[in-house]
Amino acid sequence: MRSTKPTAKPKASTKAKTPDSPVIDVTRKIKVPVQILLFVRAGGRCEFDGCNRYLTEHHLTHKRGNFAQMAHVVAFSKNGPRGNVSNRPEDINEVDNLMLLCHPCHKLIDDSPNEHPREVLEAYKKAHEDRVFLLTGTSPDRQTTAVGIRAKIGTKPTKRVSPGDINSAVAPRYSATREGFDIDLNAMPDEGPEFYELAKKKVQNDLERVVETTMSEDKTSHLSVFPLAPMPILIYAGSILGDKVGCDLYQKHRDTQDWTWKKDGEPVRYKFHMLRNGKDRKNVALLISLSGTIDVAALPADVVTDATVYEITLDGVDPHPGFLRRKDDLDNFREVYQRALRAIGTKHGKLDSLHLFPAAPAPIAFTCGRGLMPKADPTIMVYDEDKRLGGFTKILEVNN
């Protein structure tokens, strides 16, 4: 089985030579309506899993043309790749037996058919065409602008979120631009006072530019944020964005290494409670114990002496890094967080500042900043734990 391109000259039809063959009229010519249907279903892209190459434009020169090949899942010949099967299609050239592929992927599946059996290729085809159908079914108000905020994790730089991961995560929305905006902090000095001062300026400038561009040029009113940076910076970034524009947040999942929210699993329940009632009514600390447990005894003594300490934690299970899987769980946290801030305000009156100690995933850190009300909520003193510095230290101030 070799590629069949729309421009190939048809060969003469022949009758099937084997009596038991269900194929009545065998020809390599694929009918034009079938060609069109395959191109539409595939969105003009290679259907091999993970490739997705755009096939009506050269990938280097961007010259327009037809660079696609139409490959049979079950081979045209019984002696071809995946051809010797008992349930061959009645019409070997039907669209359900064809994949739109680039030349390298076509050669790969035909040169190693045992590694690419029929059921695997059919699964690739279905997943690809389902995604194209979903994305092309979105309406104009589903447009969003993707924004990545990334910095080193420890000493390792983080990579930009790929367009494929963005498209999969934001569906049924779709990205207004192929690449989106990338706020890259990897080149800045390692974490420390210099890093945070430089990062704050860049994050503020870039986010304000994103909002301005989004609202004027892209004509969208929605952002999709992919955060992967230290928690204090993400809290600050969330406070800069606030409610200026509609926003969805995404989490990089450790198990699948993608950014798409899960739909299965039990809902996460949160608990807000007081850990300690302090003597100083105006000295208040809030612990966000979600990815791990924060020990009150480990907090800086000069901060929490005589302070009232509150905590938001998981209800019914111990804190752990993999708890945040569903978008609903992030939305529910925002409600609990804002209720906690209102409850603290009711009990303690208007505070000048609130000490915040977060142990939480990136989207929740961003939500902690975004959920603040500039005139109603106090200045948030954000702390981070750094074992090199002996524990929790104050990193920056938000909402001041």
Side-chain angles (χ1 to χ4, degrees), residues 196 200 230-244 249 268-316 318-319 323-324 329-386 390-400:
Y196 284 108
K200 282 172 59 179
M231 283 182 287
I233 282 298
L234 295 179
I235 294 172
Y236 181 78
S239 72
I240 295 298
L241 185 60
D243 291 325
K244 295 177 184 176
L249 294 163
V268 172
R269 292 182 291 118
Y270 300 97
K271 177 174 62 176
F272 168 66
H273 63 135
M274 180 189 293
L275 291 177
R276 190 181 71 188
N277 192 7
K279 297 178 181 178
D280 186 349
R281 185 168 174 267
K282 295 297 183 180
N283 189 10
V284 181
L286 174 61
L287 315 185
I288 311 292
S289 302
L290 299 175
S291 296
T293 301
I294 299 176
D295 185 0
V296 176
L299 303 181
D302 60 333
V303 173
V304 298
T305 299
D306 296 329
T308 299
V309 181
Y310 294 93
E311 181 184 55
I312 297 175
T313 189
L314 301 179
D315 189 7
D318 293 332
F323 81 93
L324 188 64
D329 298 332
L330 179 62
D331 295 337
N332 291 340
F333 169 80
R334 179 169 181 168
E335 292 182 10
V336 172
Y337 175 69
Q338 290 183 323
R339 288 203 307 268
L341 293 178
R342 302 291 85 75
I344 290 172
T346 299
K347 182 173 177 59
H348 297 269
K350 187 170 179 59
L351 298 174
D352 291 330
S353 63
L354 172 69
H355 304 285
L356 184 67
F357 297 85
I364 281 185
F366 195 95
T367 299
C368 285
R370 190 164 182 254
L372 296 172
M373 299 177 64
K375 294 183 179 180
D377 292 322
T379 296
I380 304 298
M381 319 293 282
V382 182
Y383 293 76
D384 194 28
E385 185 175 20
D386 190 334
F392 284 97
T393 57
K394 190 181 83 169
I395 302 298
L396 48 79
E397 298 179 3
V398 175
N399 203 41
N400 59 352

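Annotation: side chain of Leu286 is in contact with side chain of Tyr337 (closest heavy-atom distance under 4.5 Å). Between Ser289 and Phe357, every side-chain heavy-atom pair lies at or beyond the 4.5 Å cut-off. Side-chain contact between Phe392 and Val304 is absent, with no heavy atoms from C-beta onward closer than 4.5 Å. Residues Met381 and Val303 have side chains not in contact (no heavy-atom distance under 4.5 Å, counting atoms from C-beta outward). No side-chain heavy atom of Leu356 sits under 4.5 Å from any side-chain heavy atom of Val398. Residues Tyr196 and Pro230 are in side-chain contact: their nearest non-hydrogen atoms beyond the backbone lie under 4.5 Å apart. No side-chain heavy atom of His355 sits less than 4.5 Å from a side-chain heavy atom of Val309.
The side-chain contact (heavy atoms from CB on, under 4.5 Å) with Phe366 is formed by just one residue from the set Leu241, Ile235, Ile233; it is Leu241.
Here the CG-CD1 distance, from Leu372 to Ile380, works out to 5.0 Å after rounding to the nearest 0.5 Å. Atom CG of residue Leu290 and atom OG1 of residue Thr313 lie 6.0 Å apart, to the nearest 0.5 angstrom. Note: Ile294 CD1 to Tyr383 OH = 12.5 Å, rounded to the nearest 0.5 Å. Separating the CD atom in Glu335 from the OG1 atom in Thr367 is a distance of 11.5 Å, to the nearest 0.5 Å. Atom CG of Leu249 is separated from atom CG of Leu324 by 10.0 Å, given to the nearest 0.5 angstrom. Once rounded to the nearest 0.5 Å, the distance linking OH of Tyr270 with CG of Leu314 reads 7.0 Å.
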Which side-chain N or O atoms in residues 338-352 pair as donor and acceptor under 3.5 Å with protein atoms at least two apart or in another chain?
{"unit_1": "Gln338", "atom_1": "NE2", "unit_2": "Gly371", "atom_2": "O", "d": "3.2"}
{"unit_1": "Arg342", "atom_1": "NH2", "unit_2": "Asp377", "atom_2": "OD1", "d": "2.2"}
{"unit_1": "Arg342", "atom_1": "NH2", "unit_2": "Asp377", "atom_2": "OD2", "d": "3.1"}
{"unit_1": "Thr346", "atom_1": "OG1", "unit_2": "Arg342", "atom_2": "O", "d": "3.0"}
{"unit_1": "His348", "atom_1": "ND1", "unit_2": "Arg281", "atom_2": "O", "d": "2.7"}
{"unit_1": "His348", "atom_1": "NE2", "unit_2": "Tyr310", "atom_2": "OH", "d": "2.8"}
{"unit_1": "Lys350", "atom_1": "NZ", "unit_2": "Lys375", "atom_2": "O", "d": "3.3"}

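The two residues Pro232 and Asp384 have their closest heavy-atom pair at CG-CB, 3.9 Å. Pairing each heavy atom of Ile288 with each of Ala360, the nearest pair is CG2-CB, 4.1 Å. Across all their heavy atoms, Gly242 and Arg370 have their closest contact at O-NE, 2.7 Å. The shortest non-hydrogen separation linking Ala359 to Gly292 is CB-O, 3.9 Å. When every heavy atom of Leu354 is checked against every heavy atom of Pro378, the shortest pair comes out as CB-CG, 3.9 Å.
Screening residues 230-241 for side chain to side chain donor-acceptor pair (under 3.5 Å), with sequence neighbours left out, gives Gln204-Tyr236. Listed by first and then second residue, the salt bridge (charged side-chain N to carboxylate O under 4.0 Å, His left out) pairs involving residues 390-400 are Lys394-Glu397 (not counting sequence neighbours). The salt bridge (charged side-chain N to carboxylate O under 4.0 Å, His left out) pairs that include a residue from residues 288-316 are Arg269-Asp315, where partners are two or more places apart or lie in different chains.
Under a 3.5 Å cut-off, the side chain of Thr308 and the backbone N or O of Gly278 do form a donor-acceptor pair. Under the 3.5 Å distance criterion, the side-chain polar atoms of Asp280 are left unmatched by any main-chain donor or acceptor of Ala307. Between the side chain of Ser353 and the main chain of Thr379, no donor-acceptor pair closer than 3.5 Å is present.
Other residues, nucleotides and ligands contribute more than 12 heavy atoms inside 6.0 Å of the CE atom of Met274.
Qualifying side chain to side chain donor-acceptor pair (under 3.5 Å) partners for Asp331, counting only residues two or more places apart in sequence or in other chains: Lys327. Qualifying salt bridge (Lys or Arg N to Asp or Glu O under 4.0 Å) partners for Asp329, counting only residues two or more places apart in sequence or in other chains: Arg326.
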